[in-house]
A.B. asks: 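Below is one structure. I have some questions about it.
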Amino acid sequence: MILCECGEIVKDGTFKDYIKTSANPSTCTIGHQKCGLIFDFFDNKIPKKYSSKNELKCLAVCFAEKNDLEQKNIGKFVLEVDRLKSSGKLSDRDILLAAYKKMDDIKII
């Protein structure tokens with residue numbers, strides 16, 4: 001999952017580009033079509049976003065729907081995201097992935 005700096009989860013809508021990295025002057029990568037941000041995965045420079053609680057809850061609902069989380073579990077997922085946001089200074093990406101993993105570990109039915 002790529003969480004762009006513009007606040008969208010990037011799944012589709014990418015373009016191919018070549019950038020200079022520490023290993024090669026022409027390394028193939030992708031960019032986000034909506035905002036034009038080019039991702040540097042090779043040098044581990046994945047953008048980190050720190051949203052407000054309200055913005056993060058909106059992202060959490062989009063994330064849950066894109067990952068086919070059952071409708072009855074979305075509320076519990078958003079609560080877990082809110083708990084993780086309150087507990088520290090994790091990036092949005094780290095919070096969403098940790099909450100999703102916890103939902104998977106619990107096996108909520």
A.B. asks: Pair Y50, I95 - check side chain to side chain contact (heavy atoms under 4.5 Å, CB included), show working.
C.D. replies: CA-CA 10 Å; Y50 298 90; I95 290 171; over 6 Å; no
A.B. asks: Mind checking the CG-OG1 spacing from D40 to T27? Nearest 0.5 Å is all I need.
C.D. replies: 8.0 Å
A.B. asks: Please evaluate residues L96 and F77 with respect to the criterion side chain to side chain contact (heavy atoms under 4.5 Å, CB included), reporting the C-alpha separation (whole Å), side-chain torsions for both, the decisive distance (0.1 Å), and the verdict.
C.D. replies: CA-CA 9 Å; L96 292 172; F77 176 71; 4.2 Å; yes
A.B. asks: Would S52 and K85 satisfy side chain to side chain contact (heavy atoms under 4.5 Å, CB included), going step by step from the backbone distance to the final call?
C.D. replies: CA-CA 9 Å; S52 69; K85 177 71 175 174; over 6 Å; no
A.B. asks: Can you list everything that forms a side chain to side chain contact (heavy atoms under 4.5 Å, CB included) with K16? Sequence neighbours excluded, please.
C.D. replies: Y18, C28
A.B. asks: Donor-acceptor pair, T29 side chain versus F39 backbone, under 3.5 Å?
C.D. replies: yes
A.B. asks: Output the distance between atom CE (M103) and atom CG (N73), rounded to the nearest 0.5 Å.
C.D. replies: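 If I round to the nearest 0.5 Å, the distance is 5.0 Å.
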A.B. asks: If you round to the nearest 0.5 Å, how far is NZ of K76 from NZ of K102?
C.D. replies: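 Interatomic distance, K102 NZ to K76 NZ, rounded to 0.5 Å: 12.5 Å.
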A.B. asks: Say you draw a straight line from CD1 of I74 to CG of L79; how long is it, rounded to the nearest 0.5 Å?
C.D. replies: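 Rounded to the nearest 0.5 Å, the CD1-CG separation comes out at 12.5 Å.
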A.B. asks: Mind checking side chain to side chain contact (heavy atoms under 4.5 Å, CB included) for C58 and listing every partner two or more places apart, or none if nothing turns up?
C.D. replies: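 If we apply the side chain to side chain contact (heavy atoms under 4.5 Å, CB included) test to C58, skipping adjacent residues, there are no hits.
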A.B. asks: If you look at every heavy atom in L59 and S51, which pair is closest and at what distance?
C.D. replies: CD1-OG, 4.1 Å
A.B. asks: Quick check: do F63 and L56 have side-chain heavy atoms less than 4.5 Å from each other?
C.D. replies: no
A.B. asks: For a side chain to side chain donor-acceptor pair (under 3.5 Å) check, start with the C-alpha distance between S86 and K53, then their side-chain angles and the critical distance, and finish with the verdict.
C.D. replies: CA-CA 9 Å; S86 298; K53 278 190 173 187; 2.7 Å; yes
A.B. asks: Using side-chain contact (heavy atoms from CB on, under 4.5 Å) as the criterion, point out the one residue from T14, I38, L37 that pairs with I30.
C.D. replies: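 With I30 as partner, side-chain contact (heavy atoms from CB on, under 4.5 Å) holds for just one option, T14.
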